[in-house]
2 protein chains.
Amino acid sequence: MAGRPRSFDRDAALATAVELFWRTGYEGTSVAMLTSAMGVSPPSLYAAFGDKHHLFEEASARYFARTCEGLDRAVELPTARAAIERMLEDTARAHTGAATPPGCLMLTEPRLDAQREVLHQRIRDRLDRGVQDHELPSALDTDRLAAFLVAVMRGMSGCARDGGTTEDLRGIAETAMAAWPAAHRERA
Amino acid sequence: MAGRPRSFDRDAALATAVELFWRTGYEGTSVAMLTSAMGVSPPSLYAAFGDKHHLFEEASARYFARTCEGLDRAVELPTARAAIERMLEDTARAHTGAATPPGCLMLTEPRLDAQREVLHQRIRDRLDRGVQDHELPSALDTDRLAAFLVAVMRGMSGCARDGGTTEDLRGIAETAMAAWPAAHRERA
DNA sequence: ACCATACCGTATCGACCGCTACAGAAGTCT
DNA sequence: AGACTTCTGTAGCGGTCGATACGGTATGGT
């Protein structure tokens, strides 16, 4: 007992919403902008996604899932250092993509602090594994280093929003890596 | 030929506006919020400050001037390293003050990129002086290091907005200082 | 005293905000 | 076919946005 089928591609419309929220943020994106960009009338949008807040949650979750895919690939690298270097390089490129808005939705949107906390934990977990692998000194404060790295990524996002190039962001990333802890010594 | 005198303290009202823009940003602050917090009716506000955009410019300029005072004091320290350490410590405290909103207006507000550019230049200038003083290696890319430091400060501001404590921000600052270039060697 | 001037509060402007009532259209069911 | 369900576009809801018209009020100048 199905009714009239939806006349638009829900997934494509959601992708458009992601793009818009990414570019202008939650508060800065009106429902009129969304309906116009998605090619959907307001009632259709509300029927398909609920209210604006619910649409944003779905859009940001989609964005975050994509981010986590890259994160997973980086985490699998053999060393913590290589993993973090990969993350920073991914960040530099993702924040300055020609086809996407500058900066990062997750790192810019005030209300996405829960996602940022997950990012922090994922980084800290990889650092902890580096300690277990004797790649990093056991005395290392991994929580602190992870907080630093999140802060750097956030700074990179802001730099991109201010017009910074991929190379500008790489410069920040490479400078940050100079803060990497000294190699673990086998004998204390 | 003066008319009826202003019934409110313009400077105090401006300080209130700074506080409000600082806490909720330009877009997130309505004129109604401003008039209510400043204790001033809309026509009085418009007569004294022009439109909302003009008020924001005056408020952000005032905020920036205060920031620059601290910057001046830091820059005068004998070494570039001490100057930057002072800046980061000031940042950690200023972004987590109990009597002020968390984070930094200049580093958070998208449209204040010109102020951020000035901050970048001020930092680079101090680093250049460090190179001239043979405190820092002559091969150092001071522009790049300055961009890194601005990114770190921005990350600290974001961390503060997410509820980070002064100690959290200090951790980021101290970790960042580990990226400080190796001491200049007298003989290559 | 009286005018000119500049600020005061009230009440409101048109535009846009997020959101929805309504009626018609396009499907599946019996 | 006809009933039923769900999506469609139009048109508009109450509320808030930034900004102002207006008449009243407090000052200085003459």
Side-chain angles (χ1 to χ4, degrees), chain A residues 1-63 101 105 108-112, chain B residues 1-63 101 105 108-112:
Chain A
M1 186 61 81
R4 176 174 176 173
R6 186 177 285 123
S7 69
F8 62 94
D9 183 343
R10 190 183 190 278
D11 203 60
L14 182 58
T16 302
V18 169
E19 229 263 1
L20 212 52
F21 280 129
W22 187 353
R23 189 177 302 278
T24 53
Y26 178 78
E27 302 284 356
T29 304
S30 70
V31 174
M33 292 165 68
L34 288 162
T35 55
S36 171
M38 298 162 81
V40 167
S41 63
S44 298
L45 185 148
Y46 280 84
F49 299 103
D51 61 10
K52 182 190 175 185
H53 184 258
H54 193 287
L55 171 58
F56 175 76
E57 284 197 349
E58 196 166 341
S60 60
R62 180 194 170 103
Y63 180 93
L105 174 62
T108 307
E109 191 61 45
R111 67 187 62 203
L112 293 181
Chain B
M1 188 62 79
R4 175 174 176 174
R6 185 177 284 123
S7 69
F8 62 94
D9 183 342
R10 189 184 190 278
D11 203 60
L14 182 58
T16 301
V18 170
E19 229 263 1
L20 212 52
F21 280 129
W22 188 352
R23 189 176 302 279
T24 53
Y26 178 77
E27 301 284 355
T29 305
S30 70
V31 175
M33 293 165 68
L34 287 163
T35 55
S36 171
M38 297 161 83
V40 167
S41 63
S44 298
L45 185 148
Y46 279 85
F49 299 103
D51 61 11
K52 181 189 176 188
H53 184 258
H54 194 287
L55 170 59
F56 176 77
E57 283 198 348
E58 197 166 340
S60 60
R62 179 195 172 101
Y63 180 94
L105 175 62
T108 308
E109 191 61 43
R111 67 186 63 204
L112 293 180

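The chains referred to below are lettered A, B, ... by the order of the sequence lines, with proteins before strands, and numbering in each begins at 1.
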Whole angstrom value for the distance that separates [atom2] of [N] from [atom1] of [X]:
| X | N | atom1 | atom2 | answer |
| --- | --- | --- | --- | --- |
| B:Arg6 | D:dA26 | CZ | P | 18 Å |
| A:Phe56 | C:dC17 | CZ | C1' | 18 Å |
| B:Glu27 | D:dT16 | CD | P | 19 Å |
| B:Leu34 | D:dG18 | CG | C1' | 11 Å |
| B:Phe8 | C:dA6 | CZ | C1' | 12 Å |
| A:Arg4 | C:dG27 | CZ | P | 8 Å |
| A:Met38 | D:dG9 | CE | P | 13 Å |
| B:Lys52 | D:dG18 | NZ | P | 4 Å |

- Is any side-chain nitrogen or oxygen of B:Ser30 closer than 4.0 Å to OP1 or OP2 of D:dT16?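 Looking at the OP1 and OP2 atoms of D:dT16, neither is under 4.0 Å from any side-chain N or O of B:Ser30.
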- Side-chain N or O of A:Ser7 closer than 4.0 Å to phosphate OP1/OP2 of D:dT8: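 Affirmative; the distance criterion is met.
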- Task: Look at all strands and tell whether B:Thr29 reaches a base, only sugar-phosphate, or nothing, counting heavy atoms closer than 4.0 Å.
- Result: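 If one applies the 4.0 Å heavy-atom cut-off, B:Thr29 turns out to touch the sugar-phosphate alone, with no base involved.
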- Task: Might you point out which heavy atoms bring A:Thr16 and A:Ala37 nearest each other, and give the distance in Å?
- Result: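 Minimum heavy-atom contact is CG2-O, 3.5 Å.
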- Nearest heavy atoms of A:Leu105 and A:Tyr63, plus distance in Å: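 Here A:Leu105 and A:Tyr63 meet closest at N-OH, 3.2 Å.
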- Upstream residue (5' side of DNA chain C) when B:Gly39 and B:Ala2 are each assigned their closest nucleotide: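 It is B:Ala2, whose closest nucleotide lies nearer the 5' terminus.
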- Message: Can you list, in residue-number order, the parts of residues 40-50 of chain B that come under 4.0 Å of DNA chain C, counting heavy atoms only?
- Response: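 Only B:Ser41, B:Pro43, B:Ser44 qualify.
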- Check step by step if salt bridge (charged side-chain N to carboxylate O under 4.0 Å, His left out) holds for B:Glu58 and B:Arg62. CA-CA 6 Å; B:Glu58 197 166 340; B:Arg62 179 195 172 101; over 6 Å; no
- Item | A:Thr35 side chain vs A:Ala32 backbone, donor-acceptor pair below 3.5 Å |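 It does hold such a pair.
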- Message: Is it the case that the side chain of B:Thr24 and the backbone of B:Phe21 share a donor-acceptor pair, with hydrogens and angles ignored and the cut-off at 3.5 Å?
- Response: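 Checking the backbone N and O of B:Phe21 against the side chain of B:Thr24, no donor-acceptor pair under 3.5 Å is found.
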- Answer yes or no: is there a side-chain heavy-atom contact under 4.5 Å between A:Leu112 and A:Phe56?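 With C-beta onward as the side chain, the pair touches.
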- Query: Do the rings of A:Phe49 and A:Phe8 sit parallel, tilted or perpendicular, given the 30° and 60° boundaries?
  - Reply: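 If you compare the ring of A:Phe49 with that of A:Phe8, the planes turn out tilted.
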- Message: On DNA chain D, compare the nucleotides closest to B:Pro5 and B:Asp51; which residue's is nearer the 5' end?
- Response: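 First, find each residue's nearest nucleotide; the 5'-ward one identifies B:Asp51.
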